[in-house]
J.: 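After the structure tokens below, expect a handful of questions from me.
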Number of protein chains: 2
Amino acid sequence: METTETTLPETSLFIKMAVSAWKQQNERVDKLLDKLSDEQLKGDIAPGKNSGTYLLGHLVAVNDNLLPLFGFSDKLYPELQNIFLTNPDKSGLVQPAVADLRKYWHEVNRKLVQHIDAMQPAEWFTRHSAVSAEDFAKEPHRNKLNVLLNRTTHQSYHLGQLVLLQK
Amino acid sequence: METTETTLPETSLFIKMAVSAWKQQNERVDKLLDKLSDEQLKGDIAPGKNSGTYLLGHLVAVNDNLLPLFGFSDKLYPELQNIFLTNPDKSGLVQPAVADLRKYWHEVNRKLVQHIDAMQPAEWFTRHSAVSAEDFAKEPHRNKLNVLLNRTTHQSYHLGQLVLLQK
């Protein structure tokens, strides 16, 4: 019985921790975007490396993919997949305008946060749409919360690069 | 009763997910270090930005700090604090040789992994040494597991920068 009492708050605690960490990364990107001009964003993070616009489009596309992966909705901007996920930067594909990318970033996250804030704790431990029920039975850590943890570190990785665009 | 059965595996699952994510970041740094020559590591990640050696020393110092923060032991290399945490790069302070930094990185992580692998699930939800018992009562998310989550995203941030040293 004691176990129940100590475990229940733990479950909601670590969901709070994981969701807070993910939101914090989004907020850090928000703050950086407010500081960077469009011209700065168009620059490369280092000579010969990815541009800021490519990385921003990449982060939007990755977050947009969470909508179907978590079973919330279709993607808002499916056209970003080819430009920012399937292909590398400088592939010659036409990118959306910087102003649009900024708008997409906020739109995708607003929609994601709405859905995420409405989730029940148990839902976080269900499988995401890219893992089969059969595989999930053998690998129960491949749940939605694990995807969120991975996306948090992925976003932090690229945030560490985007900050280099600052003067 | 049903709650007990579903919550207990969730707790151990989440700890497994968080520890795996942290170890995965360490392994990614390991792999990158194997690829980078000492000369490459001495270079700056972008013109006028931090050097690879500074970032490596910074990551070692941060991980070394986890030993006392989690109550495992004293730091192995307390002298790194001043060079890589208190002061910025290019501060004029003498840095350890690159070969030593590589060795420290592996030593600190080996010791940390030993302790972490021996932790009981409930220990992860106890406070770390930098939060008072009083504050912890009000903010129970300030536990050891939360520190590990934060360190994972912090390390990923700098890994995103260190990869720029690759040709």
J.: So how far is it from I45(B) CD1 to Q161(A) CD, rounded to the nearest 0.5 Å?
T.: 9.0 Å
J.: Can you tell me how far NE2 of H141(A) sits from CD1 of I15(B), rounded to the nearest 0.5 angstrom?
T.: 15.0 Å
J.: Specify which of P140(B), A21(B), A18(B), S20(B) makes the most heavy-atom pairs with chain A at under 4.5 Å.
T.: P140(B)
J.: If you group Ile, Leu, Val, Met, Phe, Trp and Tyr by side-chain heavy-atom gaps below 4.5 Å, do V62(B) and L148(B) land in one group?
T.: no
J.: Working to the nearest 0.5 angstrom, can you tell me the gap between T153(B) OG1 and R28(A) CZ?
T.: 6.5 Å
J.: Of the non-hydrogen atoms in H154(B) and S156(A), which two are nearest, and what is the gap between them?
T.: N-OG, 4.5 Å
J.: Evaluate whether atom CG of D74(A) has more than 12 neighbouring non-hydrogen atoms of other residues, nucleotides or ligands under 6.0 angstrom away.
T.: no
J.: Does atom NZ of K90(A) have more than 12 heavy-atom neighbours, drawn from other residues, nucleotides or ligands, at distances under 6.0 Å?
T.: yes
J.: Counting only non-hydrogen atoms closer than 4.5 Å, does Q25(A) touch chain B with its backbone (N, CA, C, O), its side chain (CB onward), both, or neither?
T.: side chain
J.: Honestly curious: do L149(B) and F136(B) fall in one hydrophobic cluster under the side-chain, below-4.5 Å linking rule?
T.: no
J.: Compare every heavy atom of K49(A) with every heavy atom of V163(B), then report the nearest pair and how far apart it is.
T.: O-NZ, 4.5 Å
J.: Establish whether V19(B) and L66(B) are linked, either directly or via other cluster members, by ILVMFWY side-chain heavy-atom contacts under 4.5 Å.
T.: yes
J.: Is there side-chain contact between L13(B) and L145(A), with at least one heavy-atom pair below 4.5 Å?
T.: no
J.: To the nearest 0.5 angstrom, please state how far the CG atom of N143(A) sits from the CD atom of E10(B).
T.: 8.5 Å
J.: For the hydrophobic clusters of this structure (ILVMFWY residues joined by side-chain heavy atoms under 4.5 Å, transitively), does one cluster hold both L67(B) and V131(B)?
T.: no
J.: Please check if atom CD in E79(B) has more than 12 non-hydrogen atoms from other residues, nucleotides or ligands closer than 6.0 Å.
T.: yes
J.: Could you tell me if the side chain of L164(A) sits less than 4.5 Å from the side chain of L164(B), heavy atoms only?
T.: yes
J.: In this structure, would L85(B) and L55(B) fall into the same cluster of hydrophobic residues linked by side-chain contacts under 4.5 Å?
T.: no
J.: What closest approach, in Å, do F14(B) and M17(A) show between heavy atoms, and which atom pair accounts for it?
T.: CE2-CE, 4.5 Å
